[in-house]
Trainee: 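Please find one structure pasted underneath; my questions will follow.
A note on names: the letters A, B, ... follow the listed sequences, proteins ahead of strands, and every chain is numbered from 1. All heavy atoms count here, side chains included; hydrogens, waters and symmetry mates do not.
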There are 2 protein chains.
Amino acid sequence: MTETVTEPSAAAAAGSKSEQAYRAVKARIVEGIYSPGYRLVLGSIAKDLGVSVVPVREAIRRLEAEGLVTFERNVGATVAGIDPTEYLYTMQTLSIVEGAATALSAPLVDSVAIARARAVNEDMRECLDHFDPVRFTQLNQDFHSILFEHCPNPHILDLVHRGWNRLASLRSSTFRFVPGRARNSVDEHEALLKLIESGADADDIEKAARLHRSATLDAYLAQAKTI
Amino acid sequence: MTETVTEPSAAAAAGSKSEQAYRAVKARIVEGIYSPGYRLVLGSIAKDLGVSVVPVREAIRRLEAEGLVTFERNVGATVAGIDPTEYLYTMQTLSIVEGAATALSAPLVDSVAIARARAVNEDMRECLDHFDPVRFTQLNQDFHSILFEHCPNPHILDLVHRGWNRLASLRSSTFRFVPGRARNSVDEHEALLKLIESGADADDIEKAARLHRSATLDAYLAQAKTI
DNA sequence: AGGTACGAAATCGTATACGATCACTATCGT
DNA sequence: ACGATAGTGATCGTATACGATTTCGTACCT
């Protein structure tokens, strides 16, 4: 439950150098080793990974299609930026697809999964006291991943993962961890679990899940206004 | 209003051969020249386009990331399949993102746009009498494109376009044109326009737009059951 | 006859090489 | 001194070439 977010649609076998390059660069972006704005020079990456430029180039174009890097003709690739507008788009989209994923998954979440999710959520509460934002973020993903385990629509799940990856590259940026928001988040998680347990209407669950994400966005916007 | 669906996120300049190959192959898939299951041989496509295999390979990997082709290591690429499950996933996802796009765009649709959309919808009604499914499908996209013209979230619009592209490759397959469904569709369009004109609640608009897409899926499922 | 092993052809995967394009600097002219 | 321009280095873009892998047909064995 602490593994990195993986795209279920990605080719399974990891053998090819192209695949290797794709995974390596993606990991470096998601883990924050390559920060937004970082210049991805084909030759350097190729030498770094011990492969030639062709597979690296291919990998980077694929990452471009996922929105993780931007590409400019004859200039090169950079890790995708973090301007507030882009953040807003991503969060809004996530609120929609996460809402849908939660609602679709809800009927398939059994009591065991609920218990596991609740345990994760309690760990998150713990993190609040010890102020451990990195772990908090990871547990947050774990929490939702549990709810999505039996999501009946892999396409939607894929969109959720793409959004998460995009946000991951913003880690340790301005957007991280709005003060006071985190505690609300934990409470909303608990409320969401209760809703699912009670077999609430799909619409209600969807709305709750959406608001959960929107609230984080709103908190950021409110904070941004005061700066 | 009759142009092909274009991805706003795609790199603007079309100059490079890689870009050329990408557009060419994508167009052939969307236009149905390459049907699902069609084997995409790198060398052949390269010779066909007058470029080498490297840019073609890159283009195909990008199309893979968009879900238009499937790729297998050391075997090759084929135009993405059409099994009913995949169709269900795509339609369900479309219902969600189209619903969101419609609701977000609604406040920004002015009376001129409404009038244009209504005109397109009347053309669609026309198509029903002359039985012109190809034009009907195109006009249907035009109709929704008008509503999405000022969509405030380009990411969501991008997801809509991806869904459309995916469905386009299914044209002239089993999934096309469930009898009797098309007329309902036109009526739903008119109802949707009235909702938007009246400045209805975003939730109501979203729900209506969702159902509009879901109904097509349901019609297909009902038909599939009888076969 | 059916199945298996071998071999050839097709195709993929990537390294290398070279031409094209861009950014940056230094020089020249005003 | 300031701006324009040419030169230089870095990087991208793609053609070509060759090794690796798969697929398919054929001959052989049981």
Trainee: Separation of B/E19 atom CD from D/dC12 atom C1', in whole Å?
Mentor: 15 Å

Trainee: Distance alone, cut at 3.5 Å: any donor-acceptor contact between the side chains of B/D110 and B/H150?
Mentor: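 Short answer, no.
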
Trainee: Closer than 4.0 angstrom, basic N to acidic O: yes or no for A/R116 and A/E149?
Mentor: yes

Trainee: Does this structure show an ion pair linking A/E58 with B/R61, if we count only N-O contacts that are shorter than 4.0 Å?
Mentor: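 Yes, charged N to carboxylate O under 4.0 Å.
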
Trainee: Taking only N/O atoms, report every protein-nucleotides 20-24 of chain C pair under 3.5 Å with atom names and distance.
Mentor:
residue: C/dT21; atom: O3'; partner: A/N74; partner atom: ND2; Å: 3.2

Trainee: Quick one: do B/K26 and B/E64 make a salt bridge, cutoff under 4.0 Å?
Mentor: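 Not counted as a salt bridge, because no side-chain N and carboxylate O are separated by less than 4.0 Å.
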
Trainee: Look at B/E66 together with B/R162 and state whether they make a salt bridge at an N to O cut-off of under 4.0 Å.
Mentor: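 No, this pair does not count.
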
Trainee: Are any of the side-chain nitrogens in A/R73 or B/E19 under 4.0 Å away from the carboxylate oxygens of its partner?
Mentor: no

Trainee: Specify the residues of residues 39-54 of chain B, ordered by number, for which at least one heavy atom lies under 4.0 angstrom from an atom of DNA chain D.
Mentor: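 B/V51, B/S52, B/V54, in order of number.
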
Trainee: A/K17 has an atom NZ; how far is it from atom P of D/dT21, in whole Å?
Mentor: 11 Å

Trainee: Do B/D48 and B/R28 meet the salt-bridge criterion of a basic N to acidic O distance under 4.0 Å?
Mentor: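 The answer is yes: the pair qualifies as a salt bridge.
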
Trainee: Applying side-chain contact (heavy atoms from CB on, under 4.5 Å) to A/R166 and A/E86, what does each step give before you reach the verdict?
Mentor: CA-CA 10 Å; A/R166 244 173 137 155; A/E86 199 67 14; 2.6 Å; yes

